[in-house]
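Everything numeric here is computed off the predicted structure, so don't read it as measured data. Here, residue 1 is the first one in the sequence, and each next residue gets the next number.
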Amino acid sequence: MNIATWLATNARVHADRPALAEGASIVATYRDFARAAARYAALYARLGCRPGDRVAIFARNHADYLPALFGAWWGGFAAMPINVKLHGAEAGYILDHAEASIVVASNDALGVLAGHVPACVRDTVVLGTGAAAREEPAALADRAPDDLAWLFYTSGTTGKPKGAMLTHRNITAMTFGYLAAVDPTAPGDALLHAAPLSHGSGIYAVPSVARAAAQVIPESGSFDADEIFRLAAHHRRLSMFAAPTMIKRLVDHPGEADPTAWRTIVWGGAPMYVVDALKALDKLGPCLAQIYGQGETPMTATVLPKAIVADRGHPRFRERLGSAGHANPAVEVAVFDADDRPLPPGEIGEVVVRGDAVMSGYWKNPEATAEALANGWLHTGDVGAFDEDGFLTLKDRSKDLVISGGSNIYPREVEEVLLAHPAVREVSVIGRPDPEWGEIVVAYVVGSASERDLDRLCLSRIARFKRPKAYVFVETLPKNAYGKVLKTELRALDARR
């Protein structure tokens with residue numbers, strides 16, 4: 001089934017319901033939204049796109065972004081949103097590797113792409129200029145469940161990005177898992193897109209559109225805490241996908257927040273430390289849910305639902321709040337040892353995922369596909385353990401594990417302790433090569449706490465061998481466009497010290 005069918009259905013069933021909003025202003029109903037998507041599909045076809053061709057979108061969040069995205073599916077093409085914060089050379093590599101046929105770009109992104117558009121691209125469509133307005137709406141294309149729908153390129157922090165192939169089946173499974181366990185949505189609800197539509201926020205637009213909710217684009221086109229609170233008060237029953245850094249900015253924003261304005265704030269993309277989650281609950285109320293997933297299993301591995309996040313009376317409340325939750329109903333999740341054998345609760349190993357939400361493979365990369373999908377399971381590269389109740393606690397990426405004197409040290413455990421200090425705003429722990437120990441623990445800290453106080457705190461909460469042997473105080477931590485701390489850059493920086 002073509003996932004754009006949901007938009008076509010809502011154009012009839014909920015024709016006059018608000019579909020797209022810029023800030024507080026409704027700019028399109030579901031009838032308008034579907035017609036715009038059908039016109040984009042016609043435009044792509046007129047410019048030479050054939051079924052299965054890749055339509056790239058390199059643009060900031062804009063009310064026309066979603067019609068352009070759904071237009072790709074409507075016409076039977078594959079969508080390929082690209083993070084607009086990338087350098088033009090990085091975007092050019094993705095366009096070339098994917099053999100994209102069309103690029104849809106916002107005006108401000110055209111200059112970034114200049115000189116980097118490969119020969120495979122037939123044409124460039126400028127978003128928000130009414131380029132498709134005069135097209136005769138195309139008919140909804142037929143698609144098979146295993147046809148490519150979204151070609152998602154990973155962030156590429158350790159080499160060239162890989163294109164995870166997400167089919168209509170994959171996104172359908174993600175949609176059902178989201179609506180069942182993450183954010184049950186009803187017609188009349190709204191989803192705010194303050195995070196990039198090229199990533200998690202755009203993925204979550206699909207289940208939201210399936211349920212005829214309004215899609216709200218901030219007028220700023222990005223994240224501004226003051227604007228977010230105003231929009232929540234205006235739209236009510238609002239949901240939003242946010243990185244932990246965005247939630248921290250909401251919590252730190254002066255003034256009172258109205259918890260009744262929010263339906264759900266979903267965090268993902270990186271862990272949120274327990275101390276930060278508690279502050280968010282205090283300010284924003286019981287609207288927080290956590291998801292854990294990857295581009296290879298889009299936003300769908302485990303979920304920590306709102307009811308569990310807010311259940312302060314549970315005897316293991318803090319432990320659960322520090323976990324990644326339980327398996328999303330759309331997939332199976334397990335922890336395997338190095339020989340791909342399942343481990344019992346309490347044993348630490350690699351997190352693996354299986355189910356209809358898991359990608360079909362990597363674009364033009366059979367070797368990486370075979371490695372990632374060995375024995376029918378997606379091997380995430382993340383390290384974790386289940387408890388007896390089925391809650392997964394992530395330790396770290398396997399490459400971020402610190403091995404000192406033969407002992408495994410998980411950076412997140414140390415980071416949680418250091419963040420408990422009120423004068424620490426951010427922290428990232430890495431391993432530094434050491435001739436005696438193999439590696440030693442080094443903490444990069446943003447804040448004003450003293451080294452002596454941090455050392456004393458660690459010694460009061462974790463084993464002596466886990467405490468940092470060195471502290472480096474910095475103004476900021478290096479992050480990628482999605483707010484994830486780049487430990488690869490930290491390690492490179494540390495090697496130059």
Novice: Going by the rule ring pair (Phe, Tyr, Trp, His ring centres under 6.0 Å), which residues pair with Tyr362 if we only count those two or more places apart in sequence or in a different chain?
Specialist: none
Novice: The criterion is side-chain hydrogen bond (donor to acceptor under 3.5 Å, both in side chains); which residues satisfy it with Asp337, sequence neighbours excluded?
Specialist: Arg341
Novice: Between Thr380 and Val351 (side chain of the first, backbone of the second, donor and acceptor by atom type, cut-off under 3.5 Å), is there such a pair?
Specialist: yes
Novice: Do Thr175 and Ile171 have side chains that get closer than 4.5 Å, going by heavy atoms?
Specialist: yes
Novice: When you compare the side chain of Gln290 with that of Met272, does any pair of heavy atoms fall below 4.5 Å?
Specialist: no
Novice: Is any NZ, NE, NH1 or NH2 atom of the basic residue among Glu413 and Lys466 found under 4.0 Å from an Asp or Glu carboxylate oxygen of the other?
Specialist: yes
Novice: Does Glu426 come within less than 4.0 Å of Lys248, counting only side-chain N to carboxylate O?
Specialist: no
Novice: Is the closest basic N to carboxylate O distance between Arg425 and Glu475 below 4.0 Å?
Specialist: no
Novice: Quick one: side chain to side chain donor-acceptor pair (under 3.5 Å) pairs with a partner in residues 104-119, sequence neighbours left out?
Specialist: Arg60-Asp108, Ser106-Asp108
Novice: Do Asn83 and Tyr153 get their side chains close enough for a donor-acceptor pair, meaning under 3.5 Å?
Specialist: no
Novice: Determine whether Arg54 and Glu99 make a side-chain contact, defined as any pair of heavy atoms from C-beta on separated by less than 4.5 Å.
Specialist: yes
Novice: Taking salt bridge (charged side-chain N to carboxylate O under 4.0 Å, His left out) as the test, write out the residues that go with Glu319, two or more places apart.
Specialist: Arg316
Novice: Would you say that Ile217 contacts His62 through its side chain, given a criterion of any heavy-atom pair below 4.5 Å between the two side chains?
Specialist: no
Novice: Can you tell if the side chain of Asp389 reaches within under 4.5 Å of the side chain of Arg320, non-hydrogen atoms only?
Specialist: yes
Novice: If we ignore hydrogens and angles and just use 3.5 Å, is the side chain of Ser201 paired with the main-chain N or O of Pro196 as donor and acceptor?
Specialist: no
Novice: Any side-chain to backbone donor/acceptor pair from Glu350 onto Gly381? Under 3.5 Å, distance only.
Specialist: yes
Novice: Would you say Asn61's side chain and His193's backbone share a donor-acceptor pair under 3.5 angstrom?
Specialist: yes
Novice: To the nearest 0.5 Å, what is the distance between OH (Tyr204) and CG (Leu191)?
Specialist: 10.5 Å
Novice: Short question: side chain of Asn170, backbone of Thr167 - any donor-acceptor pair under 3.5 Å?
Specialist: yes
Novice: To the closest 0.5 Å, what do you measure between CZ (Phe465) and CD1 (Ile440)?
Specialist: 15.0 Å
Novice: Does Lys487 pair with Asp400 as a salt bridge, N-O distance under 4.0 Å?
Specialist: no
Novice: I'd like to check the side chain to side chain contact (heavy atoms under 4.5 Å, CB included) partners of Val275; sequence neighbours left out, ordered by chain and number.
Specialist: Tyr273, Lys279, Leu419
Novice: Walk me through it: do His326 and Thr302 pass the test side chain to side chain contact (heavy atoms under 4.5 Å, CB included)?
Specialist: CA-CA 5 Å; His326 56 71; Thr302 61; 6.0 Å; no
Novice: Run the side chain to side chain contact (heavy atoms under 4.5 Å, CB included) test against Ala289 and tell me which residues pass, sequence neighbours left out.
Specialist: Thr264, Lys306
Novice: More than 12 non-hydrogen atoms from neighbouring residues, nucleotides or ligands closer than 6.0 Å to CZ on Arg456, yes or no?
Specialist: yes
Novice: Pro81 versus Trp150: any side-chain heavy-atom pair under 4.5 Å?
Specialist: yes
Novice: Side chain of His168, backbone of Ile3: donor and acceptor closer than 3.5 Å?
Specialist: yes
Novice: Do side-chain atoms of Glu227 reach the backbone of Ser220 as a donor and acceptor pair under 3.5 angstrom?
Specialist: yes
Novice: Is there a side-chain contact between Val309 and Pro286 (heavy atoms, below 4.5 Å)?
Specialist: no
Novice: Are the side chains of Thr124 and Val104 in contact, using a 4.5 Å heavy-atom criterion?
Specialist: no
Novice: With distance as the sole test, does Thr185 use its side chain to make a donor-acceptor pair with the main-chain N or O of Asp183 at under 3.5 Å?
Specialist: yes
Novice: Please answer whether the main-chain N or O of Glu439 pairs with a side-chain N or O of Asp434 as donor and acceptor at a distance below 3.5 Å.
Specialist: no
Novice: Please walk me through it: do Tyr292 and Asn328 pass side chain to side chain donor-acceptor pair (under 3.5 Å)?
Specialist: CA-CA 9 Å; Tyr292 159 60; Asn328 184 297; over 6 Å; no
Novice: Return yes if a side-chain donor-acceptor contact under 3.5 Å exists between His379 and Glu371, otherwise no.
Specialist: no
